[in-house]
Amino acid sequence: MRCLDVQRVLPPNMAKETVWHPTSFRSHTLGQIQDGGSDLVGSQVTICGFMEANRGKGKICFMDLRDGTGRLQVFLKEGLVSDPELECAQNLSRESTVQVVGDVAQKRPPKVAEGEPVPPPTYEVVAKSFTVLTEAATPLPLGVTDTVSIGLDTRLDNRFLDLRRAHVGAMFTLRARVLQYGREYLISEGFKEINSPKIIASASEGGTNLFPMMYFDTPAFLSQSPQLYKQLTVLGGMERVFEIGPAFRAEKHDTYRHLNEFISFDIEAAWMNDDDVMGVQERMINHIWQSVADNDMDQIEIVNKYRETQGDDPITVDVPSLPFPRISYCDAIKMIQDSGESIEWGADIESSHCDIIAEKYPGFHFIPRWPMEMKPFYIHHIEGENGATGEQLSRGFDLNYGRDEMTSGGQREHDVEILEQNLRNKGLDPSGFGFYTDGFRYGAPPHAGWGLGVARLLMVLTGSRNVRETVLFPRDRQRVTP
RNA sequence: GCCCGCGUGGUGUAGCGGUUAUCAUGAGGGGUUGUCGAUCCCUCGACCCGGGUUCGAUUCCCGGCGCGGGCGCCA
């Protein structure tokens with residue numbers, strides 16, 4: 001089984017140097033012919049794809065094919081394929097799927113105006129035989145290549161078609177890359193990936209509303225956060241863990257940045273405080289941005305090409321420099337007050353306030369040291385570390401980008417006595433949290449962590465104005481299908 | 001939950017108390033063509049639902065449903 005050994009040797013950058021083995025349906029991807037056509041000229045290939053467009057109704061027909069790797073023109077000519085095949089190709093509806101056997105050839109260069117540079121050679125497949133795999137119904141609920149803009153609701157109702165549009169596909173390719181780079185970075189710092197339960201018996205944090213459900217005969221809830229479980233894992237000695245998983249919140253908000261199901265990128269690490277995990281976070285984000293800039297500018301270009309047609313400014317991938325600015329809660333309040341807004345110490349920093357801070361700090365910035373009173377019971381505080389008017393500060397922080405909150409995190413309380421007092425201070429009964437507080441009774445390392453909204457991070461990277469742009473099948477107040 | 005706005009062919013839009021309801025894209029048919037945002041000719045397709053005002057409502061009013069924006073809250 002020698003061939004298996006060969007295949008175990010993976011290329012250094014899996015994302016960019018994918019090995020496309022032939023399948024039962026095709027010998028080559030369209031991307032392979034697009035990029036490596038010069039080596040393939042004259043050889044026979046079998047390709048598959050969606051038919052994006054067909055031109056020509058007489059003795060010849062040009063067909064634009066698209067698969068998940070690229071686009072390619074197929075040339076059909078009377079005499080080279082059978083008459084029924086040619087007619088079938090000419091009458092085929094857009095987005096039908098086809099299989100073509102033919103020879104790779106260099107395309108005839110397009111006519112260019114006098115003095116214009118001749119473009120580099122491109123390649124096509126001259127068909128020998130042509131098979132329709134499935135015929136697409138007409139008309140399409142939305143045009144994959146049409147120039148008309150399409151409402152978000154129509155797009156989400158027909159996401160399978162929307163996703164075929166170049167810039168939409170690029171957005172989700174970028175999403176996959178962001179997750180990949182985030183993972184690989186945390187692994188490089190010793191973090192291990194975990195999975196925590198999404199069906200839970202009690203709330204992880206106060207405040208947010210839960211989706212109730214029946215777990216056989218027991219009332220239960222969908223998890224709003226992996227918080228308590230990732231902490232229990234660290235208490236179990238796993239040292240550094242991360243999870244990329246769903247969180248569910250039954251809140252009736254209706255904004256560009258809220259969903260009722262979202263993917264949270266969470267970490268938790270022993271022997272760290274809030275400053276330490278802020279360091280992890282900014283290094284991770286820096287790595288993600290750097291990796292996108294190094295590997296994925298082709299996807300950014302696709303997005304920008306579309307943005308140009310919509311009159312939007314192109315997006316740029318500016319790798320944020322380290323460290324990110326840190327504006328403590330107290331300083332943030334002062335900044336807001338100095339701008340003339342009335343805000344009291346102890347109040348939440350709202351979106352309009354974030355606009356004020358974002359004027360000075362438009363990119364990523366941390367807001368550490370929130371009042372203890374505003375943070376959940378599991379957040380750590382240092383006795384005597386007080387704000388301007390004497391209130392106890394916490395070791396909780398947020399990460400914002402512009403006006404939008406990306407992350408909430410902090411050092412956790414590891415002293416079980418204080419933890420139980422915190423619960424009582426919040427009006428919660430410690431006996432209901434025994435499964436959690438018991439984890440602290442037999443030795444507990446100081447630890448810290450954060451949760452990052454993946455879709456919100458993607459909004460920043462892709463310049464999206466609605467979180468739904470970066471989520472395949474968003475769940476909001478009025479949408480549970482598809 | 002509150003405030004504001006919108007609902008017109010498959011898609012995205014213009015417009016109006018009486019119109020042949022605009023434009024683009026699309027779909028169907030045909031011609032030409034190594035085309036590439038193909039092109040040319042012909043054809044097709046729409047006023048969210050219910051009630052009210054009116055001689056007459058797609059247009060005005062009320063209710064419903066759906067959608068969008070802002071706010072609250074959060075990741």
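Fair warning: this is a prediction, and the values are worked out from it, not measured in the lab. Proteins come first, then strands; the chains are lettered A, B, ... in the order of their sequence lines, and each starts at number 1.
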Task: Side chain A:Lys107 and base B:C36 donor-acceptor under 3.5 Å - done: yes

- [ ] From the options B:G28, B:C67, B:A75, select the nucleotide whose nearest atom is closest to the side chain of A:Asp153.
- [x] B:C67

Open item on the list: On a heavy-atom basis, which atom in A:Cys88 and which in A:Val132 lie closest, and how many Å separate them?
Closed with: SG-CG2, 3.5 Å

Open item on the list: If I pick the P atom on B:U8 and the same atom on B:C60, what distance separates them, to the nearest angstrom?
Closed with: 14 Å

Open item on the list: For A:Arg479 and A:Arg403, find the nucleotide of RNA chain B closest to each by heavy atoms; which residue's nucleotide sits nearer the 5' end?
Closed with: A:Arg479

Task: Whole angstrom value for the distance that separates P of B:U32 from CD of A:Gln90 - done: 12 Å

- [ ] Give the rounded distance in Å between these two atoms: NZ of A:Lys230 and P of B:A75.
- [x] 11 Å

Task: Distance in angstrom units between A:Arg94 CZ and B:U25 P, rounded - done: 12 Å

Open item on the list: Whole angstroms only, please: what is the CE-C1' distance between A:Met51 and B:C36?
Closed with: 14 Å

TODO: Could you encode protein contacts along nucleotides 3-14 of chain B as a string, one character per nucleotide from 5' to 3', using B for base contact, S for sugar-phosphate-only contact and - for no contact, with a heavy-atom cut-off of under 4.0 Å?
DONE: -------BBS--

Contacts table for residues 165-173 of chain A: side-chain donor-acceptor under 3.5 angstrom, sequence neighbours left out:
| from | atom 1 | to | atom 2 | distance (Å) |
| --- | --- | --- | --- | --- |
| A:Arg165 | NE | A:Asp162 | OD1 | 3.1 |
| A:Arg165 | NH2 | A:Asp162 | OD1 | 3.3 |
| A:Thr173 | OG1 | A:Gly169 | O | 3.0 |

Open item on the list: Using a heavy-atom cut-off of 4.0 Å across all strands, would you classify A:Arg257 as base, sugar-phosphate, or nothing?
Closed with: base

Task: d(OH, A:Tyr256; P, B:C67) in whole Å - done: 21 Å

- [ ] Return the 5'-most residue of the pair A:Arg465, A:Leu399 with respect to RNA chain B, ranking by each residue's nearest nucleotide.
- [x] A:Arg465

Task: Test of ring centre spacing under 6.0 Å for A:Trp289 and A:Phe364 - done: yes

- [ ] Grab the CG-P distance between A:Leu452 and B:A75 for me, whole Å please.
- [x] 11 Å

Task: Smallest separation among heavy atoms of A:Ser223 and A:Ile200, with atom names - done: CA-CD1, 3.7 Å

TODO: Measure from the side-chain heavy atoms of A:Thr138 and tell me the nearest of B:A75, B:U32, B:G28.
DONE: B:G28

Task: B:G45 to B:C55 separation - P atoms, rounded to the nearest Å - done: 33 Å

Open item on the list: Which helical stems does RNA chain B take part in, if a stem means at least 3 consecutive Watson-Crick or G-U pairs with both distances below 3.5 Å?
Closed with: B:1-7 with B:65-71, B:10-12 with B:23-25, B:26-32 with B:38-44, B:48-52 with B:60-64

Task: Whole-Å C1' distance, B:U59 and B:G15 - done: 10 Å

Open item on the list: If I compare all heavy atoms of A:His447 with all of A:Gln411, which pair ends up nearest, and what's the gap?
Closed with: O-CG, 3.3 Å

Task: Rounded distance in Å between the C1' positions of B:U58 and B:C74 - done: 42 Å

Open item on the list: Any base atoms under 4.0 Å from A:Ser352, or only sugar-phosphate, or nothing? Heavy atoms, all strands.
Closed with: nothing

Open item on the list: With the criterion set at under 5.5 Å between ring centres and under 30 degrees between planes, would B:G34 be stacked on A:Phe62?
Closed with: no

Task: Distance between P atoms of B:U22 and B:G28 (Å, rounded) - done: 22 Å

Open item on the list: Need one value for A:Thr147: base, sugar-phosphate or nothing, where a base atom within 4.0 Å counts as base even if backbone is also close, heavy atoms only.
Closed with: base

- [ ] Whole angstrom is fine here: how far is it from CG in A:Asn91 over to C1' in B:G29?
- [x] 10 Å

Task: Salt-bridge criterion met for A:Arg456 and A:Asp404 (N-O under 4.0 Å) - done: no

- [ ] For A:Asp254, report the nucleic acid contact type (base, sugar-phosphate, nothing); a contact means any heavy atom under 4.0 Å.
- [x] base

Task: 4.5 Å side-chain heavy-atom contact, A:Val74 and A:Glu124 - done: no

- [ ] Please check if atom CD in A:Glu344 has more than 12 non-hydrogen atoms from other residues, nucleotides or ligands closer than 6.0 Å.
- [x] no

TODO: Scan A:Arg165 against the nucleic acid and name what it touches under 4.0 Å (heavy atoms): base, sugar-phosphate only, or nothing.
DONE: nothing

Open item on the list: Work out how far the C1' atom of B:U43 is from that of B:G56, and round it to whole angstrom.
Closed with: 32 Å

- [ ] Spell out yes or no: do the side chain of A:Glu124 and the base of B:G34 have one donor N/O and one acceptor N/O closer than 3.5 Å?
- [x] yes

Open item on the list: What I want to check is whether an N or O donor and acceptor connect the side chain of A:Arg477 with the base of B:G1 at under 3.5 Å.
Closed with: yes

Task: C1' gap between B:G50 and B:U11, integer Å - done: 27 Å

- [ ] For B:A38, take OP1 and OP2 only and decide whether either is under 4.0 Å from a side-chain N or O of A:Arg55.
- [x] yes

- [ ] Please name the pair of heavy atoms, one in A:Lys57 and one in A:Gln90, separated by the smallest distance, quoted to 0.1 Å.
- [x] C-NE2, 3.3 Å

Open item on the list: For a quick check of understanding: with a heavy-atom distance under 4.0 Å over all strands, which category does A:Asn466 fall into, base, sugar-phosphate or nothing?
Closed with: sugar-phosphate

Open item on the list: If I compare all heavy atoms of A:Pro474 with all of A:Leu259, which pair ends up nearest, and what's the gap?
Closed with: CB-CD2, 3.8 Å

TODO: Specify whether A:Trp345 and A:Tyr329 have parallel, tilted or perpendicular ring planes, treating 30° as the upper limit for parallel and 60° as the lower limit for perpendicular.
DONE: perpendicular

- [ ] May I ask you to verify whether the side chain of A:Arg456 and the base of B:C74 hold a donor-acceptor pair under 3.5 Å?
- [x] yes

Task: Protein-nucleotide distance (A:Phe397, atom CZ; B:C74, atom C1'), rounded to Å - done: 16 Å

Task: Sugar-phosphate, base or nothing in reach of A:Phe75, heavy atoms under 4.0 Å - done: base

Open item on the list: Distance check, C1' atoms only: B:A14 and B:U25, in whole angstrom units.
Closed with: 15 Å

Task: Heavy-atom pair of closest approach, residues A:Arg159 and A:Arg468 - done: NH2-O, 2.9 Å

Task: Under-3.5 Å donor-acceptor pair between A:His253 side chain and B:C74 base - done: no

